[in-house]
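Following this message is one structure expressed as structure tokens.
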Amino acid sequence: MIVLATIIRCVFAYFLELGNDEVYYFTYAEFLDWNHFDHPPMVGLLIRFFTLNLHWVSDFSVRLGAIFLATFNTWLIASLVKYLMSERAGLIVAILYTASIYSSIISGLFILPDSIANTFWLASLYSIVIIIKSENSKVRTNQFLLLGLFIGIALLCKVHSIFLWFGFLGFIFFFQKKIFACKALYLSILISIIFFLPIWLWNEEYNYITWKFHGNRISILGSGIRFDYFLQTFFGQIFYNNPFLIYLYSVVLVYLVKDKIKINGISRNIIYLLLFCSFPIILASTGLSLFRQTLPHWSGAGFFGLMIISALWLDSKLDLNLIPKCRKILNLQLGFTLSVAILTFTTIKWYPGNLVGSSNKKELGKGDITLDLIGWKDLEKQFKEIRAEDIKNNLMHPEDALLVNNWFPAGHLYYYVAKPLGMRLIAEGRLVDIHKFAWINLSINPIQKGENAYYISASNMLNEPEEIYGKYFEKIELRKVLVQERSGKEVRLWYIYHLKKAKQVIGNKHPLNYSE
């Protein structure tokens with residue numbers, strides 16, 4: 001099953017172009033730092049490792065770290081459940097992990113901070129379980145040290161991993177207060193804090209910009225109740241984690257309550273521990289969505305505990321007569337995720353026209369999220385011809401930069417256009433719009449006074465350069481409109497602009513000097 005799932009992921013990874021987030025995280029790999037505007041550095045290091053220090057850069061190699069870790073995570077969670085109960089229970093949880101759209105595709109195919117954070121979340125759960133089960137003080141001490149290491153690295157992947165400490169300490173407070181007397185616990189916390197130091201020190205240098213940015217995203221001050229946001233997150237979580245899995249989790253939790261939190265062969269403390277490591281992040285993300293717009297995958301790792309509990313419960317209830325029925329249920333869950341993956345892949349590649357879109361042709365494709373993963377290589381080929389013609393006719397110069405005003409589609413334009421053509425890409429806009437590109441500017445020669453630049457606007461994310469950069473250049477003119485097709489139907493337009501004779505230097509500011 002692991003081999004087959006890995007092969008399927010590899011096929012999708014090879015034939016699908018990178019999405020908005022993926023090309024953005026590639027900049028983390030190319031421009032290393034102790035922290036970045038919106039996330040810690042580990043996803044960049046993961047990309048850099050699997051692209052052989054950027055010597056093998058392709059859509060497939062950029063995603064290879066996510067694919068490898070999804071394979072490893074399947075084995076890891078199976079090993080944890082096998083340790084708790086049996087090899088059959090391990091097989092069941094491996095199937096559940098593979099059937100989850102979040103763990104198998106969203107973080108298992110696409111390269112995201114979650115791709116590597118999930119590995120250390122599961123490793124942390126493994127250490128926590130051993131700490132609670134083991135009676136050997138030496139084993140527990142060693143696992144406490146590993147726990148501090150695992151959560152520390154998880155924090156360097158995604159800061160939401162702090163919920164692991166919240167869950168574990170909450171469990172200790174209610175069920176195992178004697179652990180508070182263990183010195184290794186505090187050493188473990190200290191280790192996690194040490195790993196968090198690079199994030200804190202980087203933010204101190206940049207006026208805590210990461211925390212301000214995310215703080216504004218989750219602040220509920222002055223926010224009214226938004227049921228539309230709540231429903232988006234609620235049903236998004238159900239879909240991301242596979243509706244059939246969510247149904248299974250719900251049934252298991254109901255039976256657990258009826259059975260007074262009892263699974264044959266499993267200590268109640270283990271069940272409570274897994275629940276404490278699951279619900280805090282799920283409830284926090286869902287509760288926050290009542291006031292602010294959140295993303296369904298924020299709580300993804302929280303469902304691993306429910307996944308483990310469900311596998312343990314199924315294994316405890318199975319006898320020879322129920323195994324065929326259980327196999328059908330598990331195959332249904334796997335089939336759903338595989339069907340979603342195939343349907344999504346074929347839609348992105350071959351759907352004739354736009355799934356949704358504006359009736360205004362100038363904004364063709366607006367709202368069609370499938371366009372994030374297709375058409376960028378074709379743009380590079382067409383733009384390359386235009387640029388060569390411009391240089392030949394002395395309309396533009398080889399050193400002229402590509403100007404962007406938002407992190408998307410700046411990531412795509414950098415990865416698929418500027419980098420292959422050896423162009424400078426300069427970001428100019430609000431810091432909350434250009435994100436990491438404000439720091440990338442520091443390593444690139446800015447646009448000098450009197451220089452020209454290109455600006456590319458996609459019809460599905462239309463911006464008028466006159467409104468944005470009219471005050472920066474003497475003249476802005478539309479050079480050409482390029483057409484992107486899918487299965488013979490127009491799906492997007494690319495507006496290529498010449499920005500002539502800059503009135504000032506552009507792209508030389510300190511990141512904190514950009515307007516927020």
Side-chain angles (χ1 to χ4, degrees), residues 20 23-24 37-38 213 216 293 354 356-369 371-372 375-376 379 382-383 386-387 390 395-397 400-414 416-418 423-441 444 446-484 490-516:
N20 273 339
V23 284
Y24 179 67
F37 176 79
D38 21 24
F213 170 66
N216 289 333
Q293 191 166 26
N354 295 113
V356 296
S358 172
S359 58
N360 179 2
K361 186 175 180 179
K362 190 174 183 180
E363 298 182 323
L364 182 65
K366 184 177 182 180
D368 187 348
I369 60 174
L371 298 181
D372 291 349
W376 301 98
L379 169 64
Q382 295 188 65
F383 179 75
I386 293 173
R387 180 170 176 260
D390 289 344
L395 296 174
M396 300 290 281
H397 301 96
D400 289 339
L402 179 59
L403 193 58
V404 295
N405 69 299
N406 201 301
W407 70 272
F408 64 92
H412 275 118
L413 293 175
Y414 174 74
Y416 286 107
V417 179
M423 296 179 66
R424 291 175 297 153
L425 183 138
I426 304 293
E428 179 62 38
R430 300 187 307 159
L431 186 57
V432 294
D433 292 332
I434 64 175
H435 292 201
K436 167 73 175 176
F437 289 95
W439 281 262
I440 295 176
N441 282 351
I444 299 173
I447 297 173
Q448 300 296 329
K449 187 176 180 180
E451 282 189 343
N452 303 328
Y454 283 99
Y455 181 82
I456 301 177
S457 182
S459 59
N460 62 320
M461 297 175 279
L462 190 63
N463 286 306
E464 298 290 350
E466 292 88 354
E467 297 177 5
I468 306 169
Y469 296 127
K471 63 182 179 180
Y472 294 113
F473 292 87
E474 292 185 7
K475 185 179 181 181
I476 296 177
E477 55 188 17
L478 178 64
R479 167 66 172 86
K480 193 169 185 178
V481 179
L482 305 177
V483 178
Q484 176 188 340
E490 294 184 4
V491 292
R492 175 163 49 189
L493 304 176
W494 307 99
Y495 299 95
I496 313 298
Y497 289 91
H498 287 172
L499 285 59
K500 294 296 188 73
K501 294 184 178 180
K503 299 177 182 178
Q504 63 185 64
V505 177
I506 301 172
N508 65 332
K509 292 183 289 190
H510 186 276
L512 297 184
N513 289 336
Y514 289 88
S515 61
E516 295 187 7

Nearest heavy-atom neighbours spanning Leu371 and Gln484: CD2-NE2, 4.2 Å
Against the six-membered ring of Trp376, is Arg492 placed for a cation-pi contact (under 6.0 Å from the centre, within 45° of the normal)? yes
Side chain proximity check, His498 to Phe473, heavy atoms < 4.5 angstrom: no
Would Tyr414 and Leu402 count as a side chain to side chain contact (heavy atoms under 4.5 Å, CB included) here? Give the steps. CA-CA 9 Å; Tyr414 174 74; Leu402 179 59; over 6 Å; no
Please find out if less than 6.0 Å separates the ring center of His412 from that of Tyr24. no
Quick one: pull up CG in Leu395 and NE2 in His397 and give me the separation to the nearest 0.5 Å. 9.5 Å
Worked check of side chain to side chain contact (heavy atoms under 4.5 Å, CB included) between Asp368 and Asn460: CA-CA 8 Å; Asp368 187 348; Asn460 62 320; over 6 Å; no
Start with the C-alpha gap between Trp407 and Val432, add the side-chain angles, then the distance that decides, and say whether side chain to side chain contact (heavy atoms under 4.5 Å, CB included) holds. CA-CA 9 Å; Trp407 70 272; Val432 294; over 6 Å; no
Short side-chain donor-acceptor distance under 3.5 Å, Asn463 and Tyr495: no
Where do Ala427 and Tyr514 come nearest, in terms of heavy atoms and distance? O-OH, 3.8 Å
Is it true that Glu451 and Arg424 make a salt bridge, defined as a side-chain N closer than 4.0 Å to a carboxylate O? yes
Is the shortest distance from a Lys or Arg side-chain nitrogen in Glu464 or Lys362 to a carboxylate oxygen in the other one below 4.0 Å? yes
Would you indicate whether the side-chain heavy atoms of Lys503 and Glu474 approach each other to under 4.5 Å? yes
Which heavy atom of Met396 sits nearest to which heavy atom of Tyr454, and what is that distance? CG-OH, 3.4 Å
Any ion pair linking Asp390 and Arg479 (charged N to carboxylate O, less than 4.0 Å)? yes
Under 3.5 Å, is there a donor-acceptor pair between the side chain of Ser459 and the main chain of Glu363? no
Got more than 12 heavy atoms from elsewhere within 6.0 Å of NZ, Lys449? no
Heavy atoms only: give me the nearest Ile386-Lys480 pair and the separation to one decimal. CD1-CD, 3.8 Å
Closer than 3.5 angstrom, by distance alone: can the side chain of Asn216 be matched with the main-chain N or O of Phe213 as a donor-acceptor pair? no
Has the side chain of Asn405 got a donor or acceptor atom that lies under 3.5 Å from a matching backbone atom of Gly429? no
Heavy-atom pair of closest approach, residues Ala401 and Ile426: CB-CG1, 4.0 Å
Can you tell if the side chain of Ile434 reaches within under 4.5 Å of the side chain of Arg430, non-hydrogen atoms only? no
Derivation of the side chain to side chain contact (heavy atoms under 4.5 Å, CB included) call for Leu379 and Leu482: CA-CA 8 Å; Leu379 169 64; Leu482 305 177; 4.0 Å; yes
Between Tyr497 and Tyr455, what is the ring plane arrangement, given parallel below 30°, perpendicular above 60°, and tilted in between? tilted
Take a 6.0 Å sphere around NZ of Lys509 and say whether it holds more than 12 heavy atoms from other residues, nucleotides or ligands. yes
If we only count heavy atoms from C-beta on, is the Ile447 to Leu403 side-chain gap below 4.5 Å? yes
NZ (Lys475) and CG (Leu499) are apart, to the nearest 0.5 Å, by 12.0 Å
Is any NZ, NE, NH1 or NH2 atom of the basic residue among Lys500 and Glu477 found under 4.0 Å from an Asp or Glu carboxylate oxygen of the other? yes
So with a 6.0 Å cut-off around CG of Leu478, is the heavy-atom count from everything else above 12? yes
Could you check whether any side-chain N or O of Tyr469 sits under 3.5 Å from a backbone N or O of Ile476, counting only pairs where one atom can act as donor and the other as acceptor? no
Given 3.5 Å as the limit, does a donor-acceptor pair link the side chain of Asn354 with the main chain of Val491, or not? yes
Heavy-atom closest contact (Asn441 atom, Gly507 atom, distance): CB-O, 3.5 Å
